[in-house]
S.K.: 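Sharing a structure, written as structure tokens. Questions coming.
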Number of protein chains: 4
Amino acid sequence: MTDSPMTRHVTADIDLDVTAPGKIVYQIAVARAPGLTVDENLTLTLDGSPLTPHEVVGVAGSRFHVVEPATTGKLLLSYQATVTGRADAPEADEAQLIEYLRPSRYAESDKLAAIAFREFGHLSSTEELLGGIAAWVGGHLSYVSGSSDPIDGSVDTYLLGQGVCRDYAHLVVAFLRGRDIPARLVAVYAPGLDPMDFHAVAEAYVDGRWRVVDGTLLAPRSTLLRIATGRDAADTAFLDNFGGGIRFNGATVTATVDGALPSDDPRTLVTLG
Amino acid sequence: MTDSPMTRHVTADIDLDVTAPGKIVYQIAVARAPGLTVDENLTLTLDGSPLTPHEVVGVAGSRFHVVEPATTGKLLLSYQATVTGRADAPEADEAQLIEYLRPSRYAESDKLAAIAFREFGHLSSTEELLGGIAAWVGGHLSYVSGSSDPIDGSVDTYLLGQGVCRDYAHLVVAFLRGRDIPARLVAVYAPGLDPMDFHAVAEAYVDGRWRVVDGTLLAPRSTLLRIATGRDAADTAFLDNFGGGIRFNGATVTATVDGALPSDDPRTLVTLG
Amino acid sequence: MTDSPMTRHVTADIDLDVTAPGKIVYQIAVARAPGLTVDENLTLTLDGSPLTPHEVVGVAGSRFHVVEPATTGKLLLSYQATVTGRADAPEADEAQLIEYLRPSRYAESDKLAAIAFREFGHLSSTEELLGGIAAWVGGHLSYVSGSSDPIDGSVDTYLLGQGVCRDYAHLVVAFLRGRDIPARLVAVYAPGLDPMDFHAVAEAYVDGRWRVVDGTLLAPRSTLLRIATGRDAADTAFLDNFGGGIRFNGATVTATVDGALPSDDPRTLVTLG
Amino acid sequence: MTDSPMTRHVTADIDLDVTAPGKIVYQIAVARAPGLTVDENLTLTLDGSPLTPHEVVGVAGSRFHVVEPATTGKLLLSYQATVTGRADAPEADEAQLIEYLRPSRYAESDKLAAIAFREFGHLSSTEELLGGIAAWVGGHLSYVSGSSDPIDGSVDTYLLGQGVCRDYAHLVVAFLRGRDIPARLVAVYAPGLDPMDFHAVAEAYVDGRWRVVDGTLLAPRSTLLRIATGRDAADTAFLDNFGGGIRFNGATVTATVDGALPSDDPRTLVTLG
């Protein structure tokens, strides 16, 4: 991890067919944060004609881009950003800290509380819990593409013993909440991820700061770039469709950092920047 | 429903034993809202000695009262409020409206979307959907005390066909979200409820306003008084314990309105005031 | 449907790699039944060398073919049968009829009992129930290849509104049991099925006889040929592996009937022959 | 454990109101088994008038007593048996051994297979597995009356970490099957059980014999007396009602053995006698 100025380049291209007009919500833009300078461009076209999305700002600088195409057609989103600097540590308000202790759709900490106690009840400090839970999830799950469904949550992942990045993160979040540590999911751009895609990690509130937990160890934490933040994948989906119909044809993502990719030591605490 | 000044009186008394010190969070106070004048008193004692809770304000004026007792002992909360006037219609910010479209822990709208489409796909206006869903839930569930567990959600309720007020509200919320209407859960004081207790209803965003939906028809909607607001019961619990141990000995709730209890016509749209 | 002699030809070829020696159980042979003349051939080879399976007879003439290969290697099963005549109506012993009223792994009739009552409680005769349930399942599910996982049961299918033949049959079975009609799953060869594969249907005990229910309407019932019979897909899997490891490379199935494929009228009661 | 002749005395009294006539199935009689001499009496009365049940014999000597009362009324069953000797070891047919490897409604071994592998994958002999699984279940579950619902299965029990005898037995059965050991549930009379009630244990097929596994350690295994045998509690319920309505008012059970209650060493293998 480096404290010197850092430059990251990210892109996302999303190809949809709108089969029935409705409201389409993207969450793909880099989250606003003090400390970051973002030079970005977002274009949307429907059958080649430009559409202007409406931007809504959510939790932790998350940005929704909302469009309501009037007709069916091919909807292409193209986003590029060059990001300089590191984000300041995200703030935590008290009401949010209570909210992030609670069970959520895909991180059912109420169902996993007994297991969290059994596995981690002997760890008393939040820092030990963070490390213990990350190591457990990394050691007990196998990363298997296609092993989970969109409706699967942390209980399914725990039972199956397999998952992808969102499943790892959900299980980390559920265990942390089960041990009374506020925890949430963050969708990120992840330089170094292979194969490249959107990535998801957990964020835990430890000793007054939000810290990144990534049981997959697939990309260095210090160069991750926040997109969306929420209770779980229900909040951080890069694409949602309400009241219409879409056919998803694919997404292409890139993320790089200027200079060498940093190394990452899982034993250290890292704040998303 | 009346537009004239209205006076409501509510009380809550909660009796706990703290078996291991931790953080205890109450959500029992009347939510802050423009239009309401609240004259209230909240006292907390641990083995007879007063404790001062810390107040945190959350969504829609919700108030958490947080205490961290240093020792074990009997923890008694006593709350009384006299409330004059009606709350202004709650505001809706765009990010929240997106949040309340998403599945949550106990209102798994993703799992119930196909059924919501099958049952309500023929209803096109949000107002019809609101009425249709409320009537369906009221007509298809039986109110059976003790029929649900704290970890049960809307899918369990749907399958069982039984529940209590929170289960009715969760199923309403899940169906509404499944039909792309923002919906949330509200814990309320409910004059006229019998047997008297905390009550839970759904709130749906229809034509620019939050409207109350109560499939149970157990209390008139116009005199309900908002306590807590959130995605589902995970957010609106009147009592939570983090990192310690408690034994819950019981809660006593009262809620009355000066003058005659109003009547309620389920076909009308009512805003929580 | 014809009562004249009928000749059916079926084949199954299954290609596995044994990655760790264990016990492998096939259920692919035509079930033994009075009234059927079966001229068949089953060969098994491990890396080209013949293996002799051990045959175990189960419920309703089901036949397991069990091998315990001593080494890893490519295990090929090849089965061909020419079947003349029709099976006599299967017998029903009283203990089985009780067993087939009970919930099972993938036909959780206890969880769907309230819905079965709500949807079919007005139908009083077993014959009406059979028709009503078959029509409901055929009308409310969409046949979508790949829509279900091996661990999905009738509740998942009901919620999703999609499935393949085993899911249709599980939901039929669960609803029938929920209305107190003994019901079970049957794996069959299905002349006319397109794309050709193993097929699964339900069997319901109505007025003293086992009757076929196939919500998919994908093949005429009168020419289906019984392979395996049981409570649900846990009992009728064409391939199981215990204590070893296998990689499944594919199965090829054929099933034809001499002469024209008969038509099928879903309103008639048909016994598997 | 003694090999000398043994005399056990058991009784069951069941009090129901028949609210709508249907078919009522009891499984409370001592299972038939070579080696046992049973002197028994079973009476059934509806509003004081005797009813004669119909007996159906099921798996492993299980006996169903079936009545179809023509009217509503109070239905009282009273059963007393004096049993001399020990049952011979139960037989195992090959088809059953395959059946008892499969997942069932309340012992979803397919869902728990990954966990069974993780926890017990290092144990290679069936005898070690039996001991290891029994010790794990006994050590990780807490016996809590009322902690489970009738629709709860082994996954629910595993997650909750609590249960009653049937839940312990379901989890043992699911883990055993997950490690490829045939396993089943047995409802028993249990001299020494406190509080006295019907009891449930697991039976595992180890080195050619069915062996009793009781994670609860609540009664000596050598004096347990088999009632019903099956895949899980769906098969061994002491009372079922099909097509009618009943209100269950209570059951009283007694079970004693002449002479001193034997001790039990969980490290030994015991066959149900």
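Order of the sequence lines fixes the chain letters, A, B, ..., with proteins taken first and strands second; residue numbering starts at 1 for each chain. The basis for the numbers below is simple: all heavy atoms, side chains too, and nothing from hydrogens, waters or symmetry mates.
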S.K.: Can you name the nearest heavy-atom pair linking C/Gly58 to D/Ala95, along with the distance?
M.R.: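 That would be CA-CB, 4.0 Å.
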
S.K.: Who in residues 23-33 of chain C is close to chain D, using a strict under-4.5 Å heavy-atom cut-off?
M.R.: C/Val25, C/Gln27

S.K.: More than 12 heavy atoms of other residues, nucleotides or ligands under 6.0 Å from CZ of D/Phe248: yes or no?
M.R.: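 Correct, the count exceeds 12.
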
S.K.: With a 4.5 Å limit on heavy-atom distance, are the side chains of D/Ile98 and C/Val66 in contact?
M.R.: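 Side chain of D/Ile98 against side chain of C/Val66, heavy atoms only: contact under 4.5 Å found.
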
S.K.: Any side-chain heavy atom of C/His54 sitting closer than 4.5 Å to one from D/Glu94?
M.R.: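 C/His54 vs D/Glu94: side chains touch.
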
S.K.: Could you report the tightest heavy-atom contact between D/Pro103 and C/Ala234, atom names first, then the distance?
M.R.: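 Result for this residue pair: O-CB, 3.7 Å.
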
S.K.: Taking every non-hydrogen pair under 4.5 Å, which of C/Arg105, C/Glu99, C/Glu108 racks up the most with chain D?
M.R.: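 Highest number of pairs under 4.5 Å: C/Arg105.
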
S.K.: With chain C as the partner, which of D/Gly153, D/Ser104, D/Gly22 has the greatest number of non-hydrogen pairs under 4.5 Å?
M.R.: D/Ser104

S.K.: For a quick test of reading the model, state the closest non-hydrogen atom pair linking D/Asp240 to C/Arg102 and the distance between them.
M.R.: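 Shortest heavy-atom contact: OD2-NH2, 3.1 Å.
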
S.K.: For chain C, find its close neighbours in residues 164-187 of chain D: heavy-atom separation under 4.5 Å, sorted by number, or none.
M.R.: D/Asp180

S.K.: Examine whether an atom of D/Val59 lies under 4.5 Å from a heavy atom of chain C, and if so say whether it belongs to the side chain, the backbone or both; otherwise answer neither.
M.R.: neither

S.K.: Atom CD of residue position D/Glu127 - does it have more than 12 heavy atoms of other residues, nucleotides or ligands inside 6.0 Å?
M.R.: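 No, the 6.0 Å shell around CD holds no more than 12 heavy atoms from other groups.
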
S.K.: In the structure I gave you, are the side-chain heavy atoms of C/Phe242 and D/Leu97 within less than 4.5 Å of one another anywhere?
M.R.: no

